[in-house]
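Everything below concerns the one structure shown next.
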Amino acid sequence: MPQVRSRCQRRGPVGESVLASGVARVGGVLYCEGVALERIADEVGTPTYVYSAAVIRDRYARLDAALSAVPHRIHYTLKANSNRAVLRVLRHMNAGVDVVSGGELYRALKAGFVGADVLFGGVGKTEVELRQALEAGVLLINVESEAELRLLDRIAGELGVVAPMGIRVNPEVSVDSAHRYIKTGEKGAKFGVPLDEVLAVARVAATLPNIDLLALDMHIGSQLFRVDGYVDGTDRLIDLVDQLRREGIDTLMYLDIGGGLGVSYDAEESPSLELFAESIVPRVQRTGLTLLMEPGRFIVGNAGILLTRVLYRKRTGGRDFLIGDAGMTELLRPSHYDAYHRIEAVHAAHAQMTADVVGPVCESGDFLALDRTMDEANAGDLLAVHDVGAYGYVMASNYNTRPRGAEVLVDGDQFAVVTARERYEDLVHLERDDPDWRDG
Ligand code: LLP
């Protein structure tokens, strides 16, 4: 099998040629690293998500190198892709993780991470989840309100521990995110403590017996291309650090600037990682704090494709439709965020067509691309939907009682099924044939 490095010289946030997606065309057919995608489709079937371990390692290593001048830790955010094989690749790179639920904590621990590797965040943590986080001995719990802070103090007291805690600040900066659903740091967002209440919450934290105030945190949005939002937000966090120190509250160890680094899905121009680091690192250095980041998409977004087979080609109302075996149940991003994902034929096409690429789900909003000029394809052809490594499988659903597809990890010229395709019995096994009726 040929060893493939991507031929794509697309511009990602690193602003230079990178291992773009691990996918390249060799002899007219698409490979992921050294494995022909057709081979995966033949052996595993479709729809299947295929991830490149090399791209994941490359992205992590680049970000790690860019931040090297300041003490830092990269906590990969599980919500982007929580497959345990992907997590193990990152654990071997010495990454930490960022989780937002008891379920993600469970996955992270099952993938071999220990409590000290874990940041626990989320706007609506339950009492049970806070308890689980403390029992696991996580590095940091980022709270989003005074009420949550007081609850955490009480639970820590009951467990006889001191809770390592950060405040998620809403820095109230405007960002250029691709879609309003993925902006999180503007005034009035549901996330974080409003900027003008942070000092008051920090003062409360400093007085609570079972709380150690260790961090200020922000996450301003996702798929960000400009550095200014990070700079403005970081400056606001640092102002708060200075004010707290002036008041004698000097327990802080970490500055967590969240995730959000954008990746290229199409031909987006983005700032270089070096520029990002040049803007952020000196600011954090001055505080003496350890920089934490919670990237998700940047690490895995370009590292995955979705393999789908065309079931039918149909012409109706003057339009061509490619109806495939994957749709909104496999990749929600096009219908939910109007997101663009590049689509290519796995076998080199000799012509182009303009088509709506849709799935089999009974919804008109079930599409992967609309009015797309793309490789010509027909029934039976395999398509590769690019850049689905982040927010792909994790947002899949069983709507229309559709089993979720398989996940495959490629590493060099080997591949492995890391999540089996769901079976019909998996879809009904929690339902009770003989329900236990109770008196109301
Ligand atoms: N930290 C926090 C607190 C977050 O809420 C998120 C993402 C991240 C880190 C990671 O952000 P990233 O580096 O991946 O941009 N489903 C949407 C994206 C939602 C992002 C939610 N929060 C999509 O498909 O575009």
Side-chain angles (χ1 to χ4, degrees), residues 12-13 49 56 59-60 62-63 73-82 86 90 95-101 104 108 118-125 140-144 148 166-171 175-186 189-193 215-226 229-230 233 237 254-266 268 270 273 276 292-304 306 328 330-341 368 385-397:
Y49 306 78
I56 296 170
R59 286 304 177 89
Y60 178 87
R62 281 169 184 273
L63 183 56
R73 186 128 197 238
I74 299 170
H75 288 257
Y76 166 70
T77 210
L78 253 73
K79 67 171 82 72
N81 183 329
S82 54
V86 167
L90 287 161
V97 285
D98 164 53
V99 306
V100 292
S101 68
E104 286 190 348
V118 179
L119 303 182
F120 200 108
V123 68
K125 304 176 206 76
L140 207 55
I141 299 173
N142 285 326
V143 306
E144 305 217 5
E148 186 189 352
I167 299 176
R168 176 160 174 189
V169 175
N170 180 352
V175 295
D176 63 325
S177 186
H179 195 278
R180 68 191 169 88
Y181 291 174
I182 53 178
K183 292 181 184 187
T184 48
E186 295 189 338
K190 75 171 175 178
F191 300 101
V193 174
L216 294 185
D217 160 52
M218 69 176 188
H219 171 73
I220 54 178
S222 195
Q223 185 61 353
L224 305 179
F225 285 91
R226 293 168 58 97
Y230 285 102
L237 292 190
Y254 307 107
L255 202 71
D256 178 353
I257 63 165
L261 292 172
V263 304
S264 177
Y265 286 97
D266 189 2
E268 299 96 329
S270 43
L273 203 52
F276 170 79
L292 302 179
M293 279 201 76
E294 308 165 358
R297 191 189 316 261
F298 177 78
I299 306 288
V300 293
N302 294 137
L306 173 63
M328 67 189 293
E330 285 66 34
L331 183 65
L332 188 59
R333 302 193 72 257
S335 58
H336 194 52
Y337 309 109
D338 248 332
Y340 175 92
H341 286 264
L368 298 178
V385 184
H386 284 267
D387 307 313
V388 306
Y391 308 110
Y393 187 87
V394 288
M395 294 179 78
S397 82

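Indexing begins at 1, ligand by ligand and atom by atom, following the structure's order.
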Whether the Arg297 and Tyr265 side chains hold a donor-acceptor pair (N or O, under 3.5 Å, no angle test) is what I'd like checked.
yes

Has ligand 1 got any nitrogen or oxygen that is less than 3.5 angstrom from a nitrogen or oxygen of Gly260?
yes

Looking only at heavy atoms, what is the nearest atom pair of Val388 and Leu306, with distance?
CG2-N, 3.5 Å

Ligand 1 versus His219: contacting region, heavy-atom distance under 4.0 Å
side chain

Heavy atoms only: give me the nearest His75-Val97 pair and the separation to one decimal.
ND1-O, 3.1 Å

Taking every heavy atom of Glu148 against every heavy atom of Val143, the minimum-distance pair comes out as OE1-CA, 3.4 Å

Could you tell me whether ligand 1 has any atom less than 4.0 Å away from a heavy atom of Gly121?
no

Give yes if a backbone or side-chain nitrogen or oxygen of Gly296 is under 3.5 Å from a nitrogen or oxygen of ligand 1, and no if not.
yes

Going by side-chain hydrogen bond (donor to acceptor under 3.5 Å, both in side chains), name the residues that satisfy it together with Asn170, two or more places apart in sequence or in a different chain.
none

Distance under 4.0 Å to a non-hydrogen atom of Pro295: what atoms of ligand 1 satisfy this?
13 (O)

Look at ligand 1 and say whether Arg168 reaches it with a heavy atom at a distance under 4.0 Å.
yes

Under 4.0 Å from any heavy atom of Met395, which atoms of ligand 1 are there?
16 (N)

At the 4.0 Å heavy-atom cut-off, does Phe298 count as touching ligand 1?
no

So is Tyr337 polar-close to ligand 1, meaning N/O to N/O under 3.5 Å?
yes

If the contact criterion is a heavy-atom separation under 4.0 Å, does Ala390 count as touching ligand 1?
no

By ring-ring contact (aromatic ring centres under 6.0 Å, His included), Tyr391 pairs with (sequence neighbours left out) none

